[in-house]
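Comments concern the structure below.
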Amino acid sequence: ELLQLAERISLLHSYGVDSVAVIEFTSEFSKLSPIEFIDSILVTELKASAIIVGSNFKFGSKAAGNAATLSSDGRFKVSAVDLEKEIGAPVSSTRIRDAITGGNIEIARDLLTRPHQLIGPVVHGEKRGREIGYPTANLGSIENWAIPADGIYAGWLRVGDQTWPAAISIGTNPTFIGVRGRQVEAYALEEKDLDLYDKLAKVEFGWRLRDTIKFSGLDSLLSQMKIDCDKARELTRDHA
């Protein structure tokens, strides 16, 4: 997912939305014709006087209704927003997910108009980062999120009301011996003694720095990590 339900609602409220109605998508609901949807949901339940939808909006059983269907009803004003961007095809969740999973995080950020984020509890890892001077916050319980392609990113780590510029790693730490699953780790730049275990953290992705690669040894890895952190520091400072 790009955002889970609670985060979607929170984001809508942050943009000034007064209330959000969440309708369960049941088998019965899926069979509503466009006119039944308009009568029962838009008119009876929501008492809509004005509606804003994307120009490619579809609704009702078998997606038979569209913006023109709404406009022809006459009981409310309808505005259809053009979702085209100057960089190509229309904005869609599929296009955004493809950009994220392909590592094109800057394109995703442009389409979302905000950095893509992952939210999960900070869990215990191998503590390898702490041993080499780069303690990281490892995110857990993010299996259902749209996770960017393996690589090194610059962005932010947020816990509660605190925010730190961060260098973010996604991958399996191939330089070190052993088999492990994909991990999402964020190193808060300039912070060495944070204790974030079991706290809910948000990692926001601003820029992709490079691919994840296997280094010949610890020295070469540490040299590259310094370069990555310097670049992340520069990017996040300029876009604070």
Side-chain angles (χ1 to χ4, degrees), residues 1-4 6-8 10-12 14-15 85-89 91-122 125 129 133-173 182-192 194 196 199-213 221-240:
E1 297 182 20
L2 297 175
L3 280 178
Q4 294 183 349
E7 283 70 43
R8 295 181 195 180
S10 176
L11 191 61
L12 287 169
S14 74
Y15 282 102
K85 295 282 286 186
E86 63 274 7
I87 56 176
V91 176
S92 69
S93 58
T94 298
R95 187 180 177 204
I96 294 169
R97 277 192 294 270
D98 287 346
I100 292 169
T101 57
N104 299 310
I105 208 70
E106 293 88 348
I107 292 176
R109 188 185 66 214
D110 184 60
L111 296 175
L112 287 166
T113 70
R114 60 170 177 81
H116 176 55
Q117 63 188 41
L118 299 176
I119 300 176
V122 177
Y134 292 90
T136 59
N138 294 260
L139 286 193
S141 303
I142 54 173
E143 294 80 7
N144 294 325
W145 290 78
I147 301 176
D150 287 5
I152 307 301
Y153 299 84
W156 296 269
L157 172 63
R158 303 185 190 274
V159 177
D161 59 358
Q162 293 184 290
T163 300
W164 303 278
I168 306 157
S169 171
I170 300 180
T172 59
N173 292 332
R182 295 182 75 206
Q183 301 175 82
V184 177
E185 306 174 68
Y187 167 59
L189 302 174
E190 320 305 346
E191 299 293 335
K192 298 293 185 181
L194 293 176
L196 303 178
K199 294 182 180 179
L200 194 65
K202 177 189 297 184
V203 173
E204 296 182 348
F205 297 85
W207 304 265
R208 182 178 175 87
L209 302 182
R210 62 174 175 85
D211 292 344
T212 296
I213 59 176
L221 170 62
L222 290 174
S223 295
Q224 183 61 53
M225 289 176 69
K226 182 181 184 306
I227 294 172
D228 297 336
C229 289
D230 288 344
K231 185 62 176 178
R233 191 177 291 108
E234 174 189 343
L235 288 169
T236 53
R237 181 179 61 243
D238 293 342
H239 295 80

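In this structure, L2 and R8 have side chains that are not in contact, with every pair of non-hydrogen atoms separated by 4.5 Å or more. Contact of the P148 side chain with the L118 side chain is registered, since non-hydrogen atoms from C-beta on lie closer than 4.5 Å. Contact check for Q4 versus W145: side-chain heavy atoms found under the 4.5 Å cut-off. Residues L235 and L209 are in side-chain contact: their nearest non-hydrogen atoms beyond the backbone lie under 4.5 Å apart. In this structure the side chain of T212 never reaches within 4.5 angstrom of the side chain of I170, judged on heavy atoms. The closest side-chain heavy-atom distance from L11 to R114 is below 4.5 Å.
The shortest heavy-atom contact between W156 and G206 is CZ3-CA, 4.3 Å. Here the closest non-hydrogen pair linking A201 and L139 is CB-CD2, 3.8 Å. Of all heavy-atom pairs between A232 and A166, the closest is CB-O, 3.9 Å. Among all heavy-atom pairs drawn from A149 and G103, the shortest one is CB-N, 3.7 Å. Pairing each heavy atom of P165 with each of T236, the nearest pair is CB-OG1, 3.3 Å. Y15 and T113 make their closest contact through OH-OG1, 4.4 Å (heavy atoms, listed as atom of the first residue, atom of the second, distance).
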*Verdict with reasoning, R95 to D98, per salt bridge (charged side-chain N to carboxylate O under 4.0 Å, His left out)*: CA-CA 5 Å; R95 187 180 177 204; D98 287 346; over 6 Å; no
*asked:* Does W207 form a side chain to side chain contact (heavy atoms under 4.5 Å, CB included) with R109? I'd like the steps, not just the answer.
replied: CA-CA 9 Å; W207 304 265; R109 188 185 66 214; 3.4 Å; yes
*Check the pair I142 / V203 against side chain to side chain contact (heavy atoms under 4.5 Å, CB included), numbers first and verdict last.*
CA-CA 11 Å; I142 54 173; V203 173; over 6 Å; no
*Is there a side chain to side chain contact (heavy atoms under 4.5 Å, CB included) between R210 and Q224 once you walk through the steps?*
CA-CA 10 Å; R210 62 174 175 85; Q224 183 61 53; 3.4 Å; yes
*Please step through side chain to side chain contact (heavy atoms under 4.5 Å, CB included) for the pair M225 and I152, ending with a clear verdict.*
CA-CA 9 Å; M225 289 176 69; I152 307 301; over 6 Å; no
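To the nearest 0.5 Å, atom CD of residue Q162 and atom CG of residue L194 are 7.5 Å apart. Distance check, rounded to the nearest 0.5 Å: CD1 of I105 to CZ of R208 gives 9.0 Å. Atom CD of E7 is separated from atom NZ of K202 by 7.5 Å, given to the nearest 0.5 angstrom. In this structure, I168 CD1 and D228 CG are separated by 11.5 Å, a value rounded to the nearest 0.5 Å. With rounding to the nearest 0.5 angstrom, the CG atom of L189 is 9.0 Å from the CG atom of D230. Here the CG-CD1 distance, from L221 to I213, works out to 9.0 Å after rounding to the nearest 0.5 Å.
Using cut-offs of 30° and 60° for the angle between ring planes, the F205 and H116 rings count as parallel.
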